[in-house]
Amino acid sequence: MKDTLILAIESSCDETAASVVKNGRTILSNVISSQIELHKLYGGVVPEIASRKHIEKVNQVVEEALKNADVTLDDLDAIGVTYGPGLVGALLVGVAEAKAIAYAKKLPLVGVHHIEGHVSANYIEHPDLEPPFLCLIVSGGHTHLVIVKDYGEFEILGRTRDDAAGEAFDKVARAIGLGYPGGPKIDKLSKEGNPEAIVFPRAKIGTCPYDFSFSGVKSAVLNYINQAQMKGEEVNRADLAASFQKAVVDVLVEHTMLAAKDYKMDKIAIAGGVASNGTLRAAMEKACVENGYKFYRPSPIFCTDNAAMIGVAAYYEYMKGTRHGWDLNAVPNLKLGER
């Protein structure tokens, strides 16, 4: 059978990325142009600046991805692109680029859901992983617990009621003066602290045991800092970071193990930017070993935003017959499972 080559483009936030993926599992190239240093100045992503930078970089990353994969546009079978969720201006750059290439070369256009891309990152390094399996999706904007019933088919068991896990990390990092991006900085600092030093609350939602809530633990951290300041006490930032991180990780792992038991799932995966967190990866692996579950996680480079995961998701959509027209648009608030 002929190989299927897909060029994928990702521009949902502050990474401009392009990748060439063969047969849905083999990554021939994965080029990422990050804007982190640019947005550090502002303590977070500035949408207008992100959009302008995507416009500057998108042609370059596409050309580099093709060159690294040793293919040309004429070798491709389809173009995959993230069309939501994300920052509307940033998404539009990638969608416009993908539509232009697909139109010029008369190639099929496949729009990809960004979060489905994160889940699909698990297929890259785990050739044995096939649906169904349970997946915990944790990122700056999303925290979901889902059953992946088939490629591109999801049953949502739980979701956050307020802040996403990554959002809570960023807000706490800002509060203790670590700056942006918060997640990796808290993970690093927490290695120097005692996770048992401060007991922060773990929220449980009685009627929905798989749902999450992180606004309470975030508020508890802010209150702890404020009280220490009022008393003139010095805050041990490493202890605070470690204790906060433990509170979040405990809840993520506990809910995942509960769902695995209730739904009799023996394969568990994690996905999203926060899935690169070392403490979460270690805690999830330990819990899976103790319960006899098989644990899957992408390498950190495939946890954060990248186009390889979009190419994988696009391949399975393409094989199912999904095709988008020239009216494909950015959908910044696209929900998981929506098309």
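Being a predicted model, the structure only gives us computed values, none of them experimental.
The main-chain N or O of Phe302 is never found under 3.5 Å from a side-chain atom of Ser299 such that the two would form a donor-acceptor pair. A side-chain donor-acceptor contact under 3.5 Å links Asp239 to the backbone of Asn194. Although no hydrogens or angles enter the test, the distance criterion places no donor-acceptor pair under 3.5 Å between the side chain of Asp266 and the main chain of Tyr293. A donor-acceptor distance shorter than 3.5 angstrom exists from the side chain of Arg281 to the backbone of Ala275, with no hydrogens or angles considered. For Asp14 (side chain) and Ala50 (main-chain N/O), no donor-acceptor pair under 3.5 Å exists by modelled atom type.
Remark: Ala168 pairs with Phe214, Phe244 by the side chain to side chain contact (heavy atoms under 4.5 Å, CB included) rule, at least two apart or across chains.
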Check the pair Thr16 / His54 against side-chain hydrogen bond (donor to acceptor under 3.5 Å, both in side chains), numbers first and verdict last. CA-CA 6 Å; Thr16 318; His54 286 309; 2.7 Å; yes
Checking ring-ring contact (aromatic ring centres under 6.0 Å, His included) for the pair Tyr210/His255: CA distance, chi angles, key distance, verdict? CA-CA 5 Å; Tyr210 315 122; His255 288 200; 7.7 Å; no
What's the verdict on salt bridge (charged side-chain N to carboxylate O under 4.0 Å, His left out) for Asp77 and Lys2, showing C-alpha distance, side-chain angles and the deciding distance? CA-CA 10 Å; Asp77 294 282; Lys2 178 188 175 296; 2.9 Å; yes
Starting from the C-alpha separation in whole Å, work towards a yes-or-no answer on side-chain hydrogen bond (donor to acceptor under 3.5 Å, both in side chains) for Glu317 and Tyr151. CA-CA 8 Å; Glu317 288 298 315; Tyr151 295 107; over 6 Å; no
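Residue pairs meeting the salt bridge (charged side-chain N to carboxylate O under 4.0 Å, His left out) criterion with at least one member in residues 131-150: none, sequence neighbours excluded. Among residue pairs with one or both ends in residues 25-47, those qualifying as salt bridge (charged side-chain N to carboxylate O under 4.0 Å, His left out) are Glu37-Lys40; sequence neighbours excluded.
Under the 3.5 Å distance criterion, with hydrogens and angles disregarded, a donor-acceptor pair is assigned to the side chains of Asp162 and Ser215. Between the side chains of His114 and Glu10, at least one donor N or O lies within less than 3.5 Å of an accepting N or O.
Asp211 and Arg159 are not joined by a salt bridge, as no carboxylate oxygen comes within less than 4.0 angstrom of a charged side-chain nitrogen. The pair Glu63-Lys67 fails the salt-bridge criterion, with no side-chain N (NZ, NE, NH1 or NH2) lying under 4.0 Å from an Asp/Glu carboxylate O. Between Glu254 and Lys204 a salt bridge is recorded (basic side-chain N to carboxylate O distance below 4.0 Å). Residues Glu48 and Arg52 are paired through a salt bridge, judged by an N-O separation under 4.0 Å between the basic side chain and the carboxylate.
Residues Tyr83 and His324 place their aromatic rings such that the two centres sit under 6.0 Å apart. Between Tyr123 and Tyr316, the ring center distance clears the sub-6.0 Å criterion.
Cluster membership check: Val248 shares its hydrophobic cluster with Ile225, using side-chain heavy-atom separations under 4.5 Å among Ile, Leu, Val, Met, Phe, Trp and Tyr.
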